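Read through the structure below, which is laid out as structure tokens, and then see the notes.
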Amino acid sequence: MSDNNANKEIIKTRILSKLADIKSFPQFVLETMKKLNDPSSSAADVAKSLSRDEGLVLRVLKLANSAAYGMTRKISSISEAISLLGYKSISNMILAAEVYSSMDKGLSGYALDRGELWRHSLMVAYASRHLAQVTKKVNTEDAYVGGLLHDIGKVILNDYVRFGYGIIVKMVEEKHIPFTEAESSVLGFDHAMIGSVLVERWEMPEAYRFAVEYHHKPNDLPEDKAQYQPLLDVVSVANAVCLMLGIGLGADGLQSYMFPEPLERLGINNFDSLLAEMVDYVGNVANDMGDMAGL
């Protein structure tokens, strides 16, 4: 085995070891998510479990009392708020709160300042939800989760990308290949592959795993997983749009590519209009970031 291959194997072993150290969600989160996915559970059941996190309770009540729901009276009961918002929205809010602590940090390997990965991920989540609403190809809340998680692998690979950054960039420039391809060549993994493994460790639905793993190569989804193509296409397009808007570019953003096939499969024929619509979501993301930081 050459020294280069030996070094790559050492790096792969360390990355996998780091993955093994990533903890699953807290027990109360797992319990709450389980109740949210149980058709027989009541809003009161969910509220009892959710009430163990005061920050989440405050956020749920704030959303329930926002202008978006047009209530003429104040919602003060967490059970009532859960019934109003729906289980999917509550589930996604819990997920966002849990991944926030991992994403709200600087990632020097990807040239992302603190908060930029979180901002980008939230924007892609909003954009994915919007695309799902417009195209009606996939459930809107599933699209939101896929968008939120798509770059979670960067949290794991950051330190390794930082040390191999010079080599990765040189490969991108000299061989004219995508950043993720150079990333994989140097480290043995790219951030999408690692993100997929992490999503699997969290025992999340398989659809999210494939949306994360293939968001940079949406045309390579295995044929036997074709049922996940709409979700993958939505997340891939949303990510590309956000990078075009300059949200979370980082070290790899300029090497991203908008594939025409996902646009065709989703029936999107006015891309300029889509870009304009996405600008309106920037303010929503800023508000969401402020809410999360305040909890």
Side-chain angles (χ1 to χ4, degrees), residues 22-105 115 117-119 121-126 128-129 132-133 138-150 152 155 198-209 211-212 231 284-295:
I22 297 293
K23 295 180 180 179
S24 185
F25 299 134
Q27 188 60 36
F28 96 90
V29 170
L30 295 175
E31 290 174 4
T32 306
M33 299 286 269
K34 185 176 181 180
K35 286 183 170 64
L36 287 165
N37 289 308
D38 181 358
S40 66
S41 67
S42 66
D45 294 331
V46 175
K48 183 178 179 181
S49 182
L50 186 64
S51 295
R52 291 161 66 180
D53 189 304
E54 183 180 355
L56 279 172
V57 169
L58 292 173
R59 195 155 190 261
V60 167
L61 290 174
K62 180 177 180 180
L63 181 58
N65 285 290
S66 69
Y69 290 89
M71 300 300 291
T72 56
R73 58 183 176 78
K74 183 176 177 62
I75 304 293
S76 56
S77 162
I78 186 64
S79 294
E80 188 176 7
I82 290 169
S83 297
L84 174 66
L85 298 174
Y87 281 14
K88 274 284 188 180
S89 292
I90 299 298
S91 179
N92 290 352
M93 195 178 297
I94 294 172
L95 177 64
E98 287 306 309
V99 300
Y100 166 73
S101 59
S102 296
M103 289 186 176
D104 187 46
K105 60 182 67 174
L117 177 62
W118 177 240
R119 179 170 176 257
S121 299
L122 266 183
M123 187 65 192
V124 174
Y126 272 107
S128 296
R129 180 190 277 161
Q133 289 172 337
V138 63
N139 178 276
T140 55
E141 297 308 312
D142 287 342
Y144 178 92
V145 174
L148 188 71
L149 295 174
H150 78 286
I152 189 67
V155 175
L198 189 55
V199 169
E200 185 176 25
R201 282 182 58 84
W202 285 342
E203 299 183 1
M204 301 192 73
E206 190 178 59
Y208 301 141
R209 180 160 65 89
V212 169
L231 177 61
N284 291 336
V285 170
N287 290 335
D288 235 15
M289 289 183 70
D291 287 348
M292 195 66 72
L295 293 181

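Since this is a predicted model, take the numbers as computed values, not measurements. If you read the sequence from its start, that first residue is 1, and numbering goes on from there. Just the heavy atoms: all of them, side chains too, but no hydrogens, waters or symmetry mates, feed the values below.
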Which residues satisfy the side chain to side chain contact (heavy atoms under 4.5 Å, CB included) test with [X], sequence neighbours excluded?
X	value
Ser83	Ala43
Ser42	Ala44, Asp45
Lys34	none
Val46	Thr32, Lys35, Leu36, Ser41, Ile82, Tyr87

Q) Is there a donor-acceptor pair under 3.5 Å between the side chain of Asn92 and the backbone N or O of Glu141? A) yes
Q. Within the distance-only criterion (no hydrogens, no angle test), does the side chain of Asn65 pair as donor or acceptor with the backbone N or O of Lys74 below 3.5 angstrom?
A. no
Q.
Could you tell me if the side chain of Leu148 sits less than 4.5 Å from the side chain of Val124, heavy atoms only?
A. no
Q.
I need the full list of salt bridge (Lys or Arg N to Asp or Glu O under 4.0 Å) pairs touching residues 81-93, with sequence neighbours left out, sorted by first then second residue.
A. Lys88-Asp142
Q: Only pairs at least two apart or in different chains count here, so list each salt bridge (Lys or Arg N to Asp or Glu O under 4.0 Å) that has a residue in residues 92-102.
A: none
Q) Looking at Val57, Leu50, Leu56, which one forms a side-chain contact (heavy atoms from CB on, under 4.5 Å) with Asp53? A) Leu56
Which heavy atom in [X] sits nearest to a heavy atom in [Y], and how many Å separate them?
X	Y	result
Ala47	Ser79	CB-OG, 3.4 Å
Leu149	Met204	CD1-SD, 3.7 Å
Tyr144	Tyr126	CD1-N, 4.4 Å
Ala132	Thr140	CB-CA, 3.8 Å

Roughly how far apart are [X] [atom1] and [Y] [atom2], rounded to 0.5 Å?
X	Y	atom1	atom2	result
Met33	Ile90	CE	CD1	11.5 Å
Glu206	Glu200	CD	CD	8.5 Å
Leu61	Ile78	CG	CD1	4.5 Å
Leu117	Ser102	CG	OG	9.5 Å

Q) Ile152 and Trp202: side-chain contact (heavy atoms from CB on, under 4.5 Å), yes or no, with the steps? A) CA-CA 12 Å; Ile152 189 67; Trp202 285 342; 4.0 Å; yes
